[in-house]
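Note sheet for the following structure.
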Amino acid sequence: MLIKKPNDIPLSEITPKSSYLNRRTFLAGAVAAGAAVAGGLYLRNHDSAGLDSAEMSSTVEASGAKITGIVKSPFSTNEKPTTFKDITSYNNYYEFSTDKYEPAGLAKNFRTRPWTVSLDGMVKKPKTIDIDAIMRLSAPEERIYRHRCVEGWSMVIPWVGIPLSAIIKAADPLPSAKFVAFETITAPDQMPNQKRSGVLDWPYVEGLRMDEAMHPLTILAVGLYDEVLPNVDGAPLRLVCPWKYGFKGCKAIVKISFLDKVPPTTWNRMAADEYGFYSNVNPNKDHPRWSQKTERRIGEGLFAPKHPTLMFNGYDQVASLYAGMDLNRNF
Ligand SMILES: Nc1nc2c(c(=O)[nH]1)N[C@H]1C(S)=C(S)[C@@H](COP(=O)(O)O)O[C@H]1N2
Ligand SMILES: [Mo]
């Protein structure tokens, strides 16, 4: 799991296990949710406050649907993307399970419509936006990004998303807003671990400094491999900030708040000595319990040579955001 012993990582990949308990929970959920989708996969949009409703009659298909009009991006890496199968079957999504292989099945019938995101805190006017209106704020862009988990593994993920800056502009924050906070949905009826104690504090929360949030590399992902985002990767909307460790990428976002002080973040609250607010990828700053110098690329096999981990995960263009900061402290 995030983050017990480093040698858990290879073991969990060798032996994909699914506990009997969780399998039963999943099967029970599948029967109930199956009825809801049996009538077809087309879902209607919902109206949303504060945005034009001229296009509100369009429809969006559920998981597996192609996203059209995707624009390529100069920010994409030309490294070989990790397979769709690996990206959607090896996951961290603690609301469903702390195992890497269980979330895919457990999240299968997670409901992503209707879905709204509230924009609040230090904004001119708090509002609620429908997910389908968010998807129309900016043309969908393909962003093929390296993804580096703090546990020491990585992938290359062809996200589809919109710049986070687009929704921040729609939120119209006050000049006093210096930080942006993200919150995952609370849905214990759908997320088995939200009914259990001792996993994490729910809801999962994350945050960025305003200039990090406005940086053109930072996106809200709505898809991958040209398809609507699979549930297990954080559908319908998840944060992607590619120069930071993966846990900053809050999944299934329902709230974005604007603040004048550093927001609490889930892993920092859990273990402040191990996970800072900034959590920029940094090969020179080891985790207290393991090295961060190298990473295992998922899909290459357990015995493939590891890749060197790059400062800022290779996204050096963000270095100026941290001028004057001691990057080797536990940020
Ligand atoms: N709500 C929520 N968001 C989360 C997590 C989580 O457990 N819950 N795990 C984080 C971690 S540790 C990682 S590495 C990435 C994994 O994203 P992926 O499953 O799409 O690869 O999601 C991040 N976002
Ligand atoms: Mo992670």
Side-chain angles (χ1 to χ4, degrees), residues 1-4 6 8-9 12-13 63 81-107 110 112 143 145-161 181-188 190-194 196 199-208 219-225 227-256 265-271 274-275 279-281 287 290 292 295-299 309 313:
M1 59 182 278
L2 241 198
I3 301 182
K4 283 263 152 90
D8 281 345
I9 297 162
S12 67
E13 189 160 84
S63 69
T82 303
T83 62
F84 182 85
K85 187 163 196 310
D86 279 336
I87 296 170
T88 57
S89 58
Y90 186 87
N91 302 90
N92 276 327
Y93 206 163
Y94 277 28
E95 285 85 342
F96 291 99
S97 171
T98 56
D99 177 271
K100 294 278 188 289
Y101 297 92
E102 287 184 343
L106 293 167
F110 179 70
T112 60
R143 299 284 185 107
Y145 281 164
R146 283 184 293 280
H147 172 90
R148 172 60 157 82
C149 176
V150 74
E151 296 166 320
W153 54 266
S154 64
M155 297 188 185
V156 176
I157 305 184
W159 300 110
V160 177
F182 305 86
E183 190 174 306
T184 294
I185 194 172
T186 300
Q190 300 192 76
M191 295 172 144
N193 274 348
Q194 287 189 336
R196 301 190 174 107
V199 183
L200 284 174
D201 286 340
W202 312 116
Y204 193 100
V205 286
E206 258 305 336
L208 296 172
I219 60 167
L220 286 172
V222 297
L224 61 81
Y225 271 109
E227 289 183 5
V228 168
L229 195 62
N231 290 345
V232 75
D233 294 289
L237 191 71
R238 69 86 65 79
L239 177 66
V240 177
C241 190
W243 69 93
K244 292 177 180 284
Y245 288 117
F247 66 82
K248 298 292 293 181
C250 191
K251 295 180 171 182
I253 294 169
V254 290
K255 193 153 109 98
I256 302 179
T265 56
T266 291
W267 279 102
N268 178 252
R269 265 203 312 226
M270 183 77 169
E274 302 193 341
Y275 311 104
S279 293
N280 295 320
V281 174
H287 187 279
W290 59 85
Q292 294 291 29
E295 61 202 54
R296 198 167 57 85
R297 188 60 60 81
I298 301 300
T309 289
N313 203 20

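Both ligands and their constituent atoms are indexed starting at 1 by order of listing. Quick note: numbers below take in every heavy atom, side chains included, and nothing from hydrogens, waters or symmetry partners. What you see is a predicted model; the values in this text were computed from it and never measured.
- Backbone and side-chain nitrogen or oxygen atoms of Thr184 are examined, and one is located within less than 3.5 angstrom of a nitrogen or oxygen of ligand 1.
- Within the cation-pi definition used here (under 6.0 Å to the ring centroid, within 45° of the axis), Lys251 does not qualify as a partner of Tyr204.
- Counted by atom type alone, Asn280 and Trp243 present one or more donor-acceptor pairs between their side chains at under 3.5 Å.
- Ligand-side atoms of ligand 1 in range of His147: 14 (S), 15 (C), 16 (C), 17 (O), 21 (O), range being under 4.0 angstrom from any heavy atom.
- Under 4.0 Å from ligand 1, not a single heavy atom of Glu206 appears.
- At under 3.5 Å, not a single nitrogen or oxygen of Tyr90, backbone or side chain, sits near a nitrogen or oxygen of ligand 1.
- Near Tyr94, meaning under 4.0 Å from one of its heavy atoms, ligand 1 places the atoms 6 (C), 7 (O).
- With ligand atoms numbered from 1 in the order given, ligand 1 contributes 14 (S) to contacts under 4.0 Å with heavy atoms of Cys149.
- Side chains of Asn268 and Glu274: no donor on one and acceptor on the other come within 3.5 Å.
- Looking at Asn91 against ligand 1, both its backbone and its side chain come within 4.0 Å, counting heavy atoms.
- Centroid-to-centroid, the aromatic rings of Tyr94 and Trp202 stay 6.0 Å apart or farther.
- From Glu295, atom CD reaches atom OG1 of Thr309 across 3.5 Å, with rounding to the nearest 0.5 Å.
- Contacts of Lys248 with ligand 1, taken as heavy-atom pairs under 4.0 Å, are absent altogether.
- The shortest N/O to N/O separation between Glu95 and ligand 1 falls below 3.5 Å.
- A salt bridge between Arg296 and Glu151 is absent, with no side-chain N of the basic residue lying under 4.0 Å from a carboxylate O of the acidic one.
- Annotation: side-chain contact (heavy atoms from CB on, under 4.5 Å) contacts of Ser279 (sequence neighbours excluded): Tyr245, Phe247, Lys248.
- When non-hydrogen atoms are compared, ligand 1 lies under 4.0 Å from the side chain of Tyr204 (C-beta onward) but not from its backbone.
- Between the side chains of Arg148 and Ser154, no donor-acceptor pair of N or O atoms lies under 3.5 Å.
- Interface atoms of ligand 1 facing Tyr93, defined by a heavy-atom separation under 4.0 Å, are 1 (N), 6 (C), 7 (O), 8 (N).
- Of the N or O atoms in Arg238, one or more lie within a sub-3.5 Å distance of an N or O in ligand 1.
- Within the 4.0 Å heavy-atom criterion, neither part of Met155 lies near ligand 1.
- Residue Gly249 places a heavy atom less than 4.0 Å from ligand 1.
- Residues meeting the side-chain contact (heavy atoms from CB on, under 4.5 Å) test with Ala235, sequence neighbours left out: Thr112, Leu229, Asn231.
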